[in-house]
Every structure is written in structure tokens, then in C-alpha cells.
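Within every chain, numbering begins at 1; the chains are lettered A, B, ... in the order of the sequence lines, protein sequences first and strands thereafter.
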Amino acid sequence: MLSIYNTITRKKEEFKPINLPQVNMYVCGPTVYDYFHIGNARSFIMSDIIRRYLEYKGFNVKFVMNLTDVDDKIIKKSIEENKDSSAVADHFTKAFLEDIQKLKIKKADIYPKATAHMHEIIDLIQKLIDKGFAYSVDGNVFYDVSKFDNYGKLSGKNIEELISGARIEINEEKKNPLDFSLWKKAKEGEPYWESPWGKGRPGWHIECSAMSCAHLGETFDIHAGGNDLIFPHHENEIAQSEAANGKKFVNYWIHFGFLNINNEKMSKSLGNFFTAREILKLFSAEAIRLAFAQTHYAGPLNFSDELLASAEKGLEKLNNLAEKLDKEIKKNNTSGNVRAFDFNKFKNDFESAMDDDFNSPQACAVIFDFAREVNRAIAENENLNVKFYLDVKEFLEKTAVGVLGILDFAKSQPPPDDSLTEDLTNLLIKLRTDAKKEKNFALSDKIRDELKSIGIILQDGKDGTTFKVIKK
RNA sequence: GGCGCUGUAGCCAAGUGGCUCAAGGCGAAGGUCUGCAAAACCUUUAUUCGUCGGUUCGAAUCCGACCGGCGCCUCCA
């Protein structure tokens, strides 16, 4: 049984999709005004792991992630860089898709853009006005928070407290300081769309209501996003969608914890701001994913070089095993001993970890336990039937590769088009082996050291010497 | 001020009433292998869960107080 911690009820609940086996899931995506940062990456990776696990469980997941391609920050950037705002959005949309791919995040089924849904957005705003939940003032449209009874139910706030603690700018046009923009009147030079209220652009919250409804229906299963979106963004989405449709908006709300740097919030002003793009130059996608997966998605995560370095190191254990498996599978020893191994135990452990509110740290522990047990089995038994190796690989393919994305068998394969390097290296290995036989250790060590300096590591083992190339 | 999260070994981090008097990763120590290394693999590494009380047959896990850290309430994943 899969249970999920639901922000709105503050409880773990059994997951029951509306239309088995269909699961409709919406995740708040980026505003495409810059390269996304490592904190965004955490949300994207953890929602990817959740999505992959749902698929592993046999659900048919429709995964939608919006791209906010019209917004104040984009306009600001376009002015700074003296570009068209759509050019800014296009550039960073492209960059977003590239980085997502590098992080081994599965593509969403749909990446809806705000600018491509103006009809839906305008219709939704009109509906809210018609039903009395919104009002227009001189080209702007605001949502009237006082008309929606349950305002604050997601974030646990109430209107009175919000007003008394108001650090909100006073806007003469608003009836209530908490009212928020649905439609913003365009200023001179800003991008605009025609609407019944004049030229303007949508407010931030309305696009998610309009696009989630357009692609997933009025009520859908899972809505996820960063912790900081609970208020006001998601609160406002609920207010908009439920007021317009008269139906429950979302069944399960999932929120990701924040990523801090040295226990401080990441921010440009503190100078501790890192884009995913920068981090990917230093560490592998698998290491980033493992580092994130080793912390529960909802808790805070303190990000550091050491964290990623230790993940990278931990990964070597899995990569070595993967390499070993491929080697043995290639040998195809069909006459070896069949080894009893309790694959089911690990499968059950993995599933019960992930079933418990996507406890990926526990799931990672299962993978490492599994690797240790397998290594032990191999160490105890020289002549194992290939069936064992195939089963091991299959398990890892489903879990570490398929769900967590912390392992990539393709990486442990030797580069296929590099036979010259391979032949030359093997030649040197042969020379070195001969030197060793003659006890000419000065020469054999020289060969080893020289190769190391060009990035080829020799490994003496029982069945001779193998090498590996250090990849950048 | 309101709402919420959090304090577990040198570091990161699961576990939220008995099966776990505490997973996993990094680090450290020992071992196997080796001409020596490296790598790999194996083993070991918290009688204890911020502090003090309480509830209970039984608590890291529930309750209370206290001491720390953090987030949201304003654009932000």
C-alpha cells in the first residue's frame, strides 16, 4: 500500500487515484528567466523519482510540468539584456530542457506554456468574475479573497491573521490587501495580450489553475512543488480552481523541502547561488541524484561539495558492481553453479521503503545492502551461473536505474569506438606483465605510473590486469 | 506575533511505541589480494537518539518544560 504525506491534511494517507490505473500529476515548473538552480533541481529530481516509482508500481502516469514564460522577472531580464521577452523565455526554455536531460530526469508528457494558454486563462478569469470571486479595476483583475470560504486551508492560515501581519504593499485598487492579481494591465513597452479588460498579461497563479485543468481535468491526483509555494501560490491555485469549478482541485499535495547552503538559504545576494548547470560540470548526474535521494524529499537538505563528493564515492561501489556484472554476463557461463539468493526480500524491502511516503533514503539503503550481499555471494563462489548475474542486473535495472536513476549501466561499458586505445593499453599491460615476470619492477612501475598520468588506471587482479579510463 | 519543520555516531542521514537498545552513505581502523602499491571486496565503527521531567509493562519514538537550528507569512523550488 502506497501512502503519501498530504500537506493539506498533514497526515500520511493511503494513495487512491481517481481512475485506476491512471494517475494525473502536476508539478510547478520553472519560470524561464535564468538557468535553474540546484534547489530547483532538487524538486525536479524528487518529483521525477516519485513519478518513476508510480510507473514502477504499474500506474499510468500523466506528468505535466508548466513553464512560466511570461512574468515580471522575464520582463526585467529582457529589459536588462535589451531583448524581446519571448527571446529570453525561449533561450532559457531550451536550456531547461537540456539540463533536465543531463540530470536524467524523464521528460514530462506535456510542458504547457502560459503564453500558449491565453484562451484558457482568460476564460477562467471571466468565469471567476461572473461568479463573483473576482473584480476588475481599470484594466487589472483581482481575486477577492474574502469570497472564498476556505482561503488558507492548505497553508493553515486565516485571513485575519494574514491581514494583521501584513507586510504586503498597499494597493489602492485592491478591496483587501490579500487580494491577488489575476490579470495585470500592461505598462508601456511590456508584452501584452488582448483581453476583455484591455491589454495585459496573466498573474502568476492563474496559469497553473488554467493549465492543470486543461491537461488533467478539474480534479486531479497529485500536485507537487517546493515548500515555499504552499503560500501563496498553491493556496491561490486552490482558491481559483475550486471557486471556478465548484469541485475539489487536488487530492494529494506534495511539497519538497528547501535546499540550503551551509545552513543558509541560497540566494544571489549571499553569493552562494549555484545553477544545476554549474554543478553538473563538477559532478555526475547520478551523484547529484544519489545525494538528493539519500535525504527524504520533505526535509531540508544542506548542500555542499562534500555531500556530492561522498555520493560520488558511494556510487563507485555500484558502478564497480555494474561493471563486474556486464563482464560476467558477457562470459555467459551457463554451466556454473546456481546460487540461491533471496531477490524477493530485497524487492519487498525496496517497495515497502518507497511505499512509505517515497522513503528514498531507505530505498537507497536497500540498494547498498543488496550490492554488499551480491558481492559477498560472488566472493564466496568462483563459478556462478550467468543466471545469477542476469537476475542481479535485472533487479538493479528496475530499482537503482529505473526508479532512483542513480546508476547507469551504459557508463560502465567500455567506449565501443575506442579499440585503438584498448589495443595499445593491452599491449602496454602485456609488456608490463613480462617485466614483472622478470622482476623488473622499475619498468613495470614506470609503465603503471605513466599510464596513470594520462588517465588510465591499471588494476592487478587474480585473472590478470585490467584497466579503466578516468572519465572527466 | 501566527503557521510549520527540525536537533540521531567525526560528517551526511533513515527510523516516530516492543520485530531495529538504532538502516544506509562518507570518513576512520583491521583484513583478503599484491613484488610493492592502487583499486576492489570483507569485517569493525552510537548501551545511545539536544536537556530535564512525565505517561507506559515497555519510548529515540507519546506528553510537558527548557535550550538550539531553520523555513513560510513579500518574488522564490
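Using a 4.0 Å heavy-atom cutoff across all strands shown, K73(A) reaches sugar-phosphate atoms only and no base atom. Across all strands, S155(A) comes closer than 4.0 Å only to sugar-phosphate atoms, never to a base (heavy-atom distances). Within 4.0 Å (heavy atoms only), G299(A) reaches no atom of the nucleic acid at all. Nucleic acid contact for H37(A): base, since at least one base atom lies under 4.0 Å from a heavy atom of the residue.
For K347(A), the NZ atom sits in a loose shell: 12 or fewer heavy atoms of surrounding residues, nucleotides or ligands are nearer than 6.0 Å.
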| request: For nucleotides 22-32 of chain B, just jot down a letter per nucleotide in 5' to 3' order: B, S or -, based on protein non-hydrogen atoms under 4.0 Å. | output: -BSSSS-----
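Stacking of the aromatic ring of F441(A) onto the base of rG35(B) is found: the ring centres lie under 5.5 Å apart and the planes are inclined by under 30°.
rU43(B) is paired with rA29(B) under the Watson-Crick or G-U wobble criterion, all donor-acceptor distances under 3.5 Å. Nucleotide rC36(B) has no partner under the Watson-Crick or G-U criteria, as no pair reaches both atom distances under 3.5 Å. Figure legend. rC52(B) is base-paired to rG64(B); pairs are counted as Watson-Crick or G-U wobble with both atom distances under 3.5 Å. When both pairing distances are held under 3.5 Å, rG4(B) makes a Watson-Crick or G-U pair with rC70(B).
When rounded to the nearest whole Å, the span between OH of Y297(A) and P of rC5(B) equals 13 Å. Distance, N320(A) CG to rA39(B) P: 11 Å, rounded to whole Å. Spacing between atom CG of L301(A) and atom C1' of rA13(B) amounts to 10 Å, rounded to whole angstrom units. Between the P atom of rC33(B) and the CD1 atom of I378(A) lies a distance of 19 Å, rounded to the nearest Å. Rounded to a whole Å, the CD1 atom of I429(A) is 14 Å from the C1' atom of rA39(B). Taking atom CG on D34(A) and atom C1' on rC76(B), their separation rounds to 12 Å, with Å as the unit.
With P as the reference atom, rA39(B) and rG53(B) are 49 Å apart, rounded to whole Å. rU6(B) and rU20(B) have their C1' atoms separated by 22 Å, with the value rounded to a whole Å. Taking atom C1' on both rU45(B) and rU8(B), the two are 16 Å apart, rounded to the nearest angstrom.
The backbone N or O of L443(A) lies less than 3.5 Å from a partner atom in the side chain of N440(A), making a donor-acceptor pair.
To the nearest 0.5 Å, atom CG of residue N40(A) and atom CZ of residue F256(A) are 12.0 Å apart.
Non-hydrogen atoms lying under 4.0 Å from RNA chain B are contributed by nothing in residues 96-110 of chain A.
Between N359(A) and rG15(B) there is a side-chain polar atom (N or O) within less than 4.0 angstrom of OP1 or OP2. The phosphate of rG4(B) (OP1 or OP2) has a side-chain N or O of R10(A) nearer than 4.0 angstrom.
K104(A) and D48(A) are not joined by a salt bridge, as no carboxylate oxygen comes within less than 4.0 angstrom of a charged side-chain nitrogen. Using a 4.0 Å cut-off between charged side-chain N and carboxylate O, R376(A) and E380(A) make no salt bridge.
The only member of D445(A), D449(A), D460(A) that meets salt bridge (Lys or Arg N to Asp or Glu O under 4.0 Å) when paired with R432(A) is D460(A).
Looking only at side-chain heavy atoms (C-beta outward), Q101(A) and L97(A) stay at 4.5 Å or farther from each other.
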